[in-house]
A.B. asks: 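Right, I'll just put the structure down here and ask away after.
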Amino acid sequence: MAGEAERRHEIHRALNAWFARQARELPWRGAPGEVEPWFVLVSEFMLQQTQVERVLPRFLEWVERWPHPSALAADAPGEAVRAWGRLGYPRRALWLHRAATEIAQDHGDIVPRDIETLLGLTGVGPYTARAVTAFAYGERHPVVDTNTRRVIARLVHGLAAAGPPRTGDLDDMAELLPERPEDARVFNAAAMELGAVVCTARAPRCGACPLAQWCEWRGAGYPDNAPARRPTQAAFAGSDRQVRGRIMALLRGATEPVPRSAAIAAAAEGGVRDEAQPVRALDSLVADGLLIEVDGDYRLP
DNA sequence: AACGCGGGGGT
DNA sequence: ACCCCAGCGTT
């Protein structure tokens with residue numbers, strides 16, 4: 001119906017205008033041709049579960065040191081892990097190094113452009129594949145991350161929050177996407193930005209929202225109707241993940257292999273939940289390929 | 001479908 | 001203290 005099409009048009013005009021006015025300047029943003037696809041890929045790996053502010057300095061170091069995939073592939077994977085710093089989930093660094101190797105060897109050192117090929121790269125899933133094709137190459141595809149899912153839940157479905165990921169999320173975004181590829185690219189980025197800085201999970205700033213007048217959730221009076229969330233993640237304090245993190249912090253700072261006893265001691269620093277935790281953490285890091293054991297000592301791969 | 005995986009920032 | 005985060009591969 002014409003009314004619905006007009007509403008979508010007004011929404012995309014308002015959101016893209018807001019983005020042009022308010023968006024943060026980020027080095028991985030820019031029109032296709034202005035930004036290296038490799039830079040987009042690096043940023044997307046780093047941004048998987050890690051906020052923009054923390055990614056920024058590591059990103060700048062990475063792209064200066066490794067300006068294309070083959071440069072990273074030529075270095076040891078452990079150097080990628082070391083340069084990852086405290087971004088968290090260091091296996092992402094391993095995956096990015098592996099993806100760089102795949103791009104260098106199988107794709108002529110060019111980041112693939114189509115979703116299917118991108119999905120074949122290590123560490124590239126449905127979100128990252130679409131983000132790269134849309135932001136690096138300007139292809140008109142819906143890009144839906146956790147921010148966009150929340151924006152759509154509120155704006156379109158009148159819900160306080162997004163539920164578990166659904167395949168319908170992409171369809172919802174496709175419905176809203178402007179026709180012109182360049183408008184669509186900006187709209188994808190703008191929806192994510194809006195969710196990150198205005199339509200936030202905890203305390204949305206609806207007074208600053210360019211879409212407030214079309215928001216179904218707001219129109220309904222902000223009902224407390226959030227769908228059931230997945231069970232909350234176990235506490236970080238005392239977790240195996242925290243203990244693994246202590247070991248990795250030691251190894252990132254070490255230029256020589258570290259004795260097993262030193263790794264175990266670092267793991268236990270600040271307390272452990274049970275006696276077996278340090279050994280369990282160390283063994284799991286080796287199993288994940290984040291550490292290598294040589295003659296009883298440990299080092300980055 | 002559920003789980004494990006870092007670490008820091010916001011409330 | 002608890003929730004949240006530009007997700008992914010494995011089971």
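Residue numbering restarts at 1 for every chain, and letters A, B, ... go by the order of the sequence lines. Treat the numbers as computed from the prediction; the structure is a model and nothing was measured.
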A.B. asks: Rounded to the nearest Å, what distance is computed from the CG atom of residue A:Leu118 to the C1' atom of nucleotide C:dC8?
C.D. replies: 15 Å

A.B. asks: What side-chain donor-acceptor pairs closer than 3.5 Å can you find for residues 116-124 of chain A, not counting sequence neighbours?
C.D. replies:
residue	atom	partner	partner atom	Å
A:Thr117	OG1	A:Asp114	OD1	2.9
A:Thr117	OG1	A:Asp114	OD2	2.8
A:Thr122	OG1	A:Glu102	OE2	2.6

A.B. asks: Got a list of side-chain donor-acceptor pairs under 3.5 Å for residues 178-187 of chain A, not counting sequence neighbours?
C.D. replies:
residue	atom	partner	partner atom	Å
A:Arg180	NH1	A:Asp183	OD1	3.1
A:Arg180	NH1	A:Asp183	OD2	3.2
A:Glu182	OE1	A:Arg185	NE	3.1
A:Glu182	OE2	A:Arg185	NH2	2.8
A:Arg185	NH1	A:Gly30	O	3.3

A.B. asks: In terms of side-chain heavy atoms of A:Arg244, which of C:dG7, B:dG6, C:dC5 is nearest?
C.D. replies: B:dG6

A.B. asks: Provide, to the nearest angstrom, the distance between the CD atom belonging to A:Glu193 and the P atom belonging to C:dC5.
C.D. replies: 15 Å

A.B. asks: Rounded to whole Å, how long is the line connecting atom CG of A:Leu290 with atom P of C:dG9?
C.D. replies: 15 Å

A.B. asks: Among B:dG7, C:dG7, B:dC5, which nucleotide has an atom closest to any side-chain atom of A:Thr146?
C.D. replies: C:dG7

A.B. asks: Please, which pairs that meet side chain to side chain donor-acceptor pair (under 3.5 Å) have at least one residue in residues 192-207 of chain A, sequence neighbours excluded?
C.D. replies: A:Arg24-A:Glu193, A:Arg29-A:Glu193

A.B. asks: Strictly by ring-ring contact (aromatic ring centres under 6.0 Å, His included), give each pair with a member in residues 89-129 of chain A just once, sequence neighbours left out.
C.D. replies: none

A.B. asks: Using the C1' atom on both, measure B:dG6 against C:dC3 and round to a whole Å.
C.D. replies: 16 Å

A.B. asks: Any side chain to side chain donor-acceptor pair (under 3.5 Å) involving residues 285-296 of chain A? Give me the pairs, sequence neighbours left out, ordered by first then second residue.
C.D. replies: A:Arg244-A:Asp288

A.B. asks: To the nearest angstrom, how far is A:Asp288 atom CG from B:dC3 atom P?
C.D. replies: 19 Å

A.B. asks: Check A:Glu79 with A:Arg82, please: is the shortest side-chain N to carboxylate O separation under 4.0 Å?
C.D. replies: yes

A.B. asks: Among residues 86-104 of chain A, which ones have heavy-atom contacts with DNA chain B below 4.0 Å?
C.D. replies: A:Arg86, A:Leu87, A:Gly88, A:Tyr89, A:Pro90, A:Arg91, A:Arg92

A.B. asks: For the hydrophobic clusters of this structure (ILVMFWY residues joined by side-chain heavy atoms under 4.5 Å, transitively), does one cluster hold both A:Val111 and A:Trp66?
C.D. replies: yes

A.B. asks: Mind calculating the distance between CZ (A:Phe236) and P (B:dG9) to the nearest angstrom?
C.D. replies: 13 Å

A.B. asks: Can you tell me the distance, in whole Å, between the CG atom of A:Asn147 and the P atom of C:dC5?
C.D. replies: 7 Å

A.B. asks: Remember a base hit wins even if backbone is also touched, and classify A:Ala201 as base, sugar-phosphate or nothing at under 4.0 Å, heavy atoms.
C.D. replies: sugar-phosphate

A.B. asks: Just to be sure I understand the rule, does A:Ser239 reach a base, reach only the sugar-phosphate, or reach nothing, if contact means heavy atoms closer than 4.0 Å?
C.D. replies: nothing

A.B. asks: Please report, rounded to the nearest Å, how far the P atom of B:dC5 is from the CD atom of A:Gln242.
C.D. replies: 13 Å

A.B. asks: Find which nucleotide of DNA chain C each of A:Trp28 and A:Arg202 is nearest to by heavy atoms, and output the residue with the more 5' nucleotide.
C.D. replies: A:Arg202

A.B. asks: Quick one: do the A:Arg13 and A:Asn16 side chains pair a donor with an acceptor below 3.5 Å?
C.D. replies: no

A.B. asks: Taking side chain to side chain donor-acceptor pair (under 3.5 Å) as the test, write out the residues that go with A:Arg260, two or more places apart.
C.D. replies: A:Tyr298

A.B. asks: With pairs defined as Watson-Crick or G-U wobble and both distances under 3.5 angstrom, please note down DNA chain B as a dot-bracket string, | for pairing with another strand.
C.D. replies: |||||.|||||

A.B. asks: Could you check whether A:Arg7 pairs with A:Glu10 (Lys NZ or Arg NE/NH1/NH2 to Asp/Glu carboxylate O, under 4.0 Å)?
C.D. replies: no

A.B. asks: Between atom CD1 in A:Ile247 and atom C1' in B:dG6, what is the gap in whole Å?
C.D. replies: 13 Å

A.B. asks: Do A:Leu194 and A:Asn147 come within less than 4.5 Å of each other through their side chains, counting heavy atoms only?
C.D. replies: no

A.B. asks: Counting only non-hydrogen atoms, which of residues 42-58 of chain A are less than 4.0 Å from DNA chain B?
C.D. replies: A:Gln49, A:Thr50, A:Gln51, A:Arg54

A.B. asks: If the P atom of C:dA6 is compared with that of B:dG10, how far apart are they to the nearest Å?
C.D. replies: 12 Å

A.B. asks: Test salt bridge (Lys or Arg N to Asp or Glu O under 4.0 Å) on A:Arg154 and A:Glu216; report intermediate values, then the result.
C.D. replies: CA-CA 6 Å; A:Arg154 290 173 176 165; A:Glu216 298 286 347; over 6 Å; no

A.B. asks: When the nearest nucleotide of DNA chain B is assigned to A:Arg246 and to A:Thr200 on a heavy-atom basis, which residue is associated with the more 5' position?
C.D. replies: A:Arg246

A.B. asks: Could you identify which residues of residues 169-190 of chain A place a heavy atom less than 4.0 Å from some atom of DNA chain B, listed by residue number, or say none?
C.D. replies: none

A.B. asks: How would you list all residue pairs meeting ring-ring contact (aromatic ring centres under 6.0 Å, His included) that involve residues 197-225 of chain A, not counting sequence neighbours?
C.D. replies: A:Trp217-A:Tyr222

A.B. asks: How do A:Leu119 and A:Gly195 order along DNA chain C: which one's closest nucleotide is nearer the 5' end?
C.D. replies: A:Gly195

A.B. asks: Would you call A:Arg166 and A:Asp172 a salt bridge, taking side-chain N to carboxylate O under 4.0 Å as the test?
C.D. replies: yes

A.B. asks: Would you mind listing every side chain to side chain donor-acceptor pair (under 3.5 Å) that reaches into residues 128-137 of chain A, with sequence neighbours excluded?
C.D. replies: A:Gln48-A:Thr128

